[in-house]
Amino acid sequence: MANLTTSYMGFTLKNPIIVGSSGLTNSVENIVEIEKNGAAAVVLKSLFEEQINHTINKTMHSGVDNFSYPEADDYISNYTKQNDVDNYLTLIKGAKEAVNIPIIASINCVSSADWISFARKIQDAGADGLELNIFILPSDPKRDAIQNESVYFDIVEKVKKEVTIPVAIKISSYFSGLANMALKLSWTGIKGLVLFNRFFSPDIDIDNFKVTATNVFSHPEELATSLRWVAMLSSRLHCDLAASTGVHDGASVIKQLLAGAQAVQIASVLYKKGFEQIGLMIKDLEEWMDKHSFENVNDFIGKMSIKEVENPAAFERVQFMKHFSGIE
Ligand SMILES: Cc1cc2nc3c(=O)[nH]c(=O)nc-3n(C[C@H](O)[C@H](O)[C@H](O)COP(=O)(O)O)c2cc1C
């Protein structure tokens, strides 16, 4: 019988499948279902600083004469912030009581100010690990890459001083020097890097002149980007890698492990087809391991990374030359 155990962020996981941060991981009931269906860990829905601020603003502008006094502003602001944070801490505590798999909390902040207290409170509530969902949209023409990237290091440095639980960073692929950035992040003492987050994408409704949301869920073809980068980076970084985006079936789990990921994070496929997909992926992985006579997951993690493949250039090719794509 194949041994699916893997190690990620210092956790021994019973298999490489983690349910990624999303609305699916925002309730204890769902987390119980996720564990029942065989997932090895969950990353909770991110606690968003923007979301908290939005709640604060909404509360502050809903009353008419509440805010004649500056003290009232402070009170409401602190209360609302506390309340949102408290709900999150309650989720962590509830999840820890209800399941045995590791619970990785997630924070997204747009400024560094509140990170520290959030991180510490999350640790105190019992989270086993912390994933920092950091994304600075490089949209301000006045800020160069170094300025944007320094925010990541500031955040990690501050959080690392505050918590002792393992910390991972989930990043996007929007870096001009992605490999260099990933390498430098892996030197900061983080235990895991998640490649890649996938974001809300805007679209335009041409009849109603509105900006709308599109492609909320990924498609299996989107695996390619993270697969390339996992394969190119896995042998070069000083932390574990989890692959995210486009993992929709057992074959894509296997591909990411072969590329060098220690674990995968899944979300869209579960939204589209239900939690049973976790069990199906595990079954496919076991069958494939039996077929290829692998006893342990570790026997093949990274077997197809850039360091190991016969032709490493295959991962570095980007242009559609006929020779490689077969299409003129
Ligand atoms: C509805 C939805 C909500 C999400 N919320 C979060 C979040 O709060 N924090 C986060 O880091 N990622 C969030 N994600 C991103 C997922 O964790 C994941 O990285 C992304 O969807 C790519 O994986 P997939 O192809 O398996 O969906 C969300 C994704 C979806 C679809």
Side-chain angles (χ1 to χ4, degrees), residues 8-9 16-27 30-31 34 37 39-55 84-85 87-88 91-92 95 103-110 115 118-119 122 127 129-137 152 155 159 167-174 190 192-202 212-230 241-253 255-257 261 263-275 277-278 280-281:
Y8 173 66
M9 283 177 82
I17 298 178
I18 299 172
V19 176
S21 177
S22 61
L24 298 171
T25 60
N26 210 15
S27 74
N30 271 5
I31 293 167
I34 286 167
N37 279 278
V42 290
V43 185
L44 299 181
K45 173 83 187 151
S46 296
L47 182 59
F48 280 81
E49 186 182 340
E50 283 161 313
Q51 199 178 359
I52 295 167
N53 288 342
H54 176 69
T55 317
D84 253 12
V85 172
N87 288 342
Y88 200 69
L91 174 65
I92 296 171
I103 300 295
I104 303 168
S106 167
I107 311 179
N108 170 277
C109 283
V110 288
W115 282 99
F118 288 173
I122 278 168
L130 177 60
E131 186 176 282
L132 303 177
N133 160 13
I134 312 178
F135 182 44
I136 317 292
L137 189 72
Y152 290 73
I155 290 169
V159 171
V167 174
I169 308 178
K170 188 179 190 186
I171 59 171
S172 77
S173 56
Y174 291 19
I190 57 165
L193 194 62
V194 185
L195 307 179
F196 295 105
N197 207 343
R198 184 178 182 278
F199 301 99
F200 161 87
S201 298
T212 56
T214 187
N215 286 329
V216 174
F217 301 124
S218 70
H219 301 281
E221 307 81 63
E222 292 177 52
L223 181 81
T225 303
S226 59
L227 188 65
R228 176 200 291 270
W229 286 100
V230 169
L241 275 185
S244 165
T245 296
V247 177
H248 281 239
D249 55 20
S252 45
V253 176
K255 289 178 191 179
Q256 290 289 16
L257 298 175
V264 299
Q265 294 192 2
I266 56 171
S268 291
V269 69
L270 304 180
Y271 274 105
K272 286 180 176 173
K273 297 186 181 168
F275 291 142
Q277 294 304 308
I278 301 167
L280 295 177
M281 286 178 179

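All values below were derived from every heavy atom in this structure, side-chain atoms included, with hydrogens, water molecules and symmetry-related copies excluded. In each ligand, atom 1 is the first atom listed, and ligand 1 is the first ligand listed.
- For atom 25 (O) of ligand 1, the closest non-hydrogen atom of the protein is S218 OG, 2.5 Å.
- Heavy-atom neighbours of F275 CZ from other residues, nucleotides or ligands within 6.0 Å: above the threshold of 12.
- Of all the heavy atoms of T245, the ones lying under 4.0 Å from any atom of ligand 1 are found in both the backbone and the side chain.
- With contacts defined as side-chain heavy-atom distances shorter than 4.5 Å, the pair V253/V247 qualifies.
- Looking at atom 18 (C) of ligand 1, its nearest protein heavy atom turns out to be S244 OG, 3.6 Å.
- Of all atoms in ligand 1, numbered sequentially from 1 with element shown, those under 4.0 Å from a heavy atom of Y271 are 1 (C), 2 (C), 31 (C).
- Residues V230 and K255 fail the side-chain proximity criterion, which asks for heavy atoms closer than 4.5 Å.
- Using a 30° and 60° split on the angle between ring planes, F196 and W229 fall in the perpendicular class, above 60°.
- Side-chain N or O atoms of Y88 include one that pairs as donor or acceptor with a backbone N or O of K45 at under 3.5 Å.
- With respect to atom 12 (N) of ligand 1, the closest heavy atom belonging to the protein is K170 NZ, 3.0 Å.
- Taking a cut-off of under 4.0 Å to the non-hydrogen atoms of I266, the atoms of ligand 1 that pass are 26 (O).
- Checking V216, V194, N26 against atom 31 (C) of ligand 1, the nearest heavy atom belongs to V216.
- Judged by distance alone, the side chain of K272 and the main-chain N or O of S218 form a donor-acceptor pair under 3.5 Å.
- The protein non-hydrogen atom at the shortest distance from atom 26 (O) of ligand 1 is A267 N, 2.9 Å.
- In terms of modelled atom types and a separation under 3.5 Å, the side chain of R198 and the main chain of S244 share no donor-acceptor contact.
- Every atom of ligand 1 is numbered from 1 in the order shown, and the set under 4.0 Å from a heavy atom of F217 is 31 (C).
- Any N or O atom pair closer than 3.5 Å counts here, and G246 shares at least one such pair with ligand 1.
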Kindly determine whether T245 and T225 satisfy side chain to side chain contact (heavy atoms under 4.5 Å, CB included), including the steps that lead there. CA-CA 8 Å; T245 296; T225 303; over 6 Å; no
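- The option with the heavy atom closest to atom 16 (C) of ligand 1, from among S21, S22, G20, is S21.
- Contact of the N30 side chain with the T25 side chain is not registered, since no non-hydrogen atoms from C-beta on lie closer than 4.5 Å.
- N215 and S201 form no side-chain donor-acceptor contact under 3.5 Å, judged by distance and modelled atom types alone.
- Looking from atom 20 (C) of ligand 1 to the surrounding protein, the closest heavy atom is R198 CB, 3.7 Å.
- For atom 9 (N) of ligand 1, the closest non-hydrogen atom of the protein is S46 OG, 2.6 Å.
- Closest protein heavy atom to atom 27 (O) of ligand 1: S268 OG, 2.5 Å.
- Among all non-hydrogen protein atoms, the one lying nearest atom 5 (N) of ligand 1 is K45 NZ, 3.0 Å.
- Proximity of V269 to ligand 1 is not established, as no heavy-atom distance is less than 4.0 Å.
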